[in-house]
Amino acid sequence: MEANFDLRKFVAPEFVFGLDARLLVGRYLNNFAAKKILMVTDKGVISSGWLDEVMDVLESDCYDYEIYSKIKANPRTNEVMAGAEMYLEEGCDVIVAIGGGSPMDCAKGIGIVSSNNKNIKEFEGVDRVSLPAPPLICIPTTAGSSADVSQFAIISDQSKGKKMAIISKKLVPDVALIDPVTTTSLNKYMTIYTGFDILSHAIEAYVSNASSPITDIHSLESIKLFCSNILPVLDDPENIYYRGNLMLASLHAGLAFSNASLGLIHAMAHSLGGLKDLPHGELNALLFEHVINYNFEYEPERYLKIANKMGMGVVTDKTEFINGIKELKKNLGITHTLKDKGVEIDDIPILSQRALNDPCIATNPVIPEQSDVEAIFKNAH
Amino acid sequence: MPTNPDEHPDWNSLRDKIIGLGESSIQKSYYPELQKRVAELERFRSLLDETNDYIFLLKIPSGRLSDVNKSASEQFGFNATEMQSMSIHDLVDAEELEKFSNLFNELAGKSQDRKTFDSVFVGSDGNKIPVEISASTENFSDEFYIVMVVRDITERKESENEIKRSLEEKKVLLREIHHRVKNNMQIISSLLNLQATHTNDENVIDILMESQNRVKSMAMIHEKLYQSPELARIDFKEYISQLSTFLRQSYIYINNAIIIETEVDDVHLNIDTAVPCGLIINELVTNSIKHGFPDDKPGLIRIKLSESCGKYILSVKDNGVGFPETLDFRNTDTLGLQLINNLVLQLDGTIDVIIDQGTEFKINFQPMEYIQRI
C-alpha cells in the first residue's frame, strides 16, 4: 500500500469521555464565564430524565438558564431560527446541547445564526460560516450522530423538502462531555439505528478520498468496537460495558468522519431524509450494502480490511463482504427496504439528483453518475 | 523503591490535572477575560454616553463619522446605521464648513496635535448651536482620526452677551451722569459769573472769578471723562492744554503778554487723581498770572507733567518776579495756597518751591487708587 503523506488537518473539540462526564458541565460553564445559558434539548431527553440531572448542576451553581426543546427529529430551519431568537432575546451567552443528533445540530445552527445574524439557509455548503458561534457544550445521549465532535450540521429545509449540509470548522463544539451512562436508557430501535450511523460514519470515513493515517485508526477501531458490542447490548441494554464501547465507537467514528468526511451513503440518506422526513440511522442501514456494492471496486483493499475489522474473518471478495453485511443486518432485524418506508420509484430521479448535490459526494471514492445513483436507489427499493 | 501513586495524594491530583480533570485543566479560555474587558468597555462607553458634551470620532481628511456618543446622536438625531453614511459636514453650519475642511487638511498626517476653537453646529431641529470644540488627532491602524469634543456654549454665549449689553448700558448711564455733573458745574460757573456782574467790588469780582475757574477746571474733567472711550480715565495732556488755554483767556484782561507752554507726557489719570491735580494746576497758574508778572510784564509759564515708573512729577514754573521769600507757602492764609497744600495732601504727594529766576512749584505724587465709596 502506498504511504499517504498528503496534507491533512485534524480538528477535534476538547472532550471528556467517561462515566458521569455530563456532570462536569458546571466547570465548563464557569470557564466560559457563562451568565445565561440556553439549554437545547428535545422531548425525548426531557422524559428520559437526563436533563434534570444537568439542571441540578446548573441550579446548585446558581446559573440562569432557558430551555429550548421545540425540536423534532431532523431539525428544521424554523426550529433553528426560533431557537436563535430565544437565545438573543433572553441575552444568553453559552449554549448547552443535550440529546442526540437533532438537538445538537439544532444547537450548532442556533449558535451560528445568533453570532452572524443571518438566516440559517445562508450557511448551506462548506466553509460558509464567517463568525464562530458562542461557546457550545455538547452532551450526547445517543451513540451514533457524533455531532458533539463533528464539523457537520444537517438541517431540514421544509420549504424545499431537502436537507442542508452545513460543514464548517466553526461548527465543531467547544466541549463534548461524552458520558455512556446517558445511553443506558435508549430503546432497542434507537440503539440499532443510531448504532448503524456509527458504522456508516466509520466505513465512509475509511474509504473517503480525504482519509488520513490518523482518521484510519479511528475508523477501524470504531468498526471493531461497534461490531463486537452491538449484538450483546441488545440482549443486555443496561450493561455499561457494552454501552461504553458503543459510545467509544461513536466517538472514534465522529473523529474520523468529521475530518475525512463521508460519502454516497450519507449523500443519499440526506436526500431521502429531506424528501420523506425518515429517521437518518434507519435510512443509512437500508442503503448500506447497496452503496458498498457500487463503491467496492474503487477501494477493494480498504473494504476487505473493513470486513476483517467487522469480524468476518478472512474475506477475499465483494460478494463475501456483502453477504457478511446482510448477515449483520438480519441479526439486527433489519429486513425491510426503502419501499416499506413509503419511498416511490417515481421519487428516485429527484432523490438521485439531490444526492449528487450533497457535499458528501465530494469525498466518495468515486463521483457517481446520476444513473449510478438511480440504480443504487432502485436496488435498495 | 518505587512509590505507589495511590498513596501519594499530590501525585494523584497531578495525574488528574495531566489527564485534564483539574478545575482549570482547560485548553484555552479567553472568555472570562473577554467578558471582563467587554464589561470595562461598556463602563467606559457609559462614561462617554452620560456626558453632556457631544463626542465624535472622525476620519480625516474626509470628516466621516466613525463613532459618536449618545448625546451627539440624540442632539443631531441619527442612529448608528445612519451615522455610517454621515460626515461632520452634515452637522456644521454652512458658513463654518471651510473652517473644518482647512482644519482637517492641516491636521491630516499629524500624529499628535490638538486644536481648540469656537464654531456653530446645526441641531436636528434646525437651530444653530454655538459650540466650543476641542479636536485632537489620533492614529489607529495607520489611519488618521480626530477625537472631537463639542461643547454647547449657548448659555455661555447668552450670558456673555448679557454682560456686554449690561456693560454698555452702564457706560451710557455713566456718560450721562458725567455730562450732567459737567452741566451742573457749568451752571454754577455761570451763576458765579452772573453774580460777579452785580457788583463793582474788585475783590468780590476776583473771588467769584477764582471760584468760577475752580469749578470750571473740575467741569472740564467731567467733560473729558464722558468723552473718553473708557470712561474711567482721561487724557491729561489734552486736559492740561485745554485748561491752560482757558486760564490764559480768562485772565487776559490782567496781562495779555503771558505765554503758557505745556510739556506733558502721554498720561491718563483717573478721576480721583485728575480732580485734585487739575485744581492744583488751576491755582498755581492763576497765582502766577496774577502775581508773577506785575505791570503787564511779559512772561512764560511752563506746565510740565512727566511720568517715570508709575511716579509723577508736576511742575509749574514761571520766569516772573519770584515767590516772596518771606512767605511760607505751607503756612499761609491765602485760600489758593491752602487749597494747594490740601490737594497735595489729598494726593499723598510732596510739594517743593524753587525760586530761581522765577518760581517753580514741583509736586511729586502717585496716582490714587480708586476707592469704592458705595
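So that the names make sense, note that chain A is the first sequence line, chain B the second, and so on, each numbered from 1. Heavy atoms only: backbone and side chains are in, while hydrogens, waters and symmetry mates are out. If you're wondering where the values come from, they're calculated on a predicted model, not measured in any experiment.
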**Prompt:** Around A/Lys169, counting heavy atoms of other residues, nucleotides and ligands shown, do more than 12 lie under 6.0 Å from its NZ?
**Reply:** yes
**Message:** Report, in residue-number order, which members of residues 53-87 of chain B are under 4.5 Å from chain A by heavy-atom distance.
**Reply:** none
**Other residues, nucleotides, ligands: >12 heavy atoms within 6.0 Å of B/Glu33 CD** = yes
**Asked** Does atom CG of B/Asn102 have more than 12 heavy-atom neighbours, drawn from other residues, nucleotides or ligands, at distances under 6.0 Å?
**Response** yes
**Request:** Identify the two heavy atoms, one from A/Ala33 and one from B/Pro32, that lie closest to each other, and give their separation to 0.1 Å.
**Result:** CB-CA, 3.6 Å
**Prompt:** Counting only heavy atoms not in B/Phe44, do more than 12 fall under 6.0 Å of its CZ?
**Reply:** no
**Request:** Inspect the surroundings of CG in B/Asn161 and state if more than 12 heavy atoms from other residues, nucleotides or ligands are less than 6.0 Å away.
**Result:** yes
**Complete:** Between the CG atom in A/Leu29 and the OH atom in B/Tyr31, the distance rounded to the nearest 0.5 Å is 12.5 Å
**Prompt:** With B/Lys171, which residues qualify under salt bridge (Lys or Arg N to Asp or Glu O under 4.0 Å), at least two apart?
**Reply:** none
**Message:** Tell me whether the count of non-hydrogen atoms from other residues, nucleotides or ligands lying under 6.0 Å of OH in A/Tyr241 goes above 12.
**Reply:** no
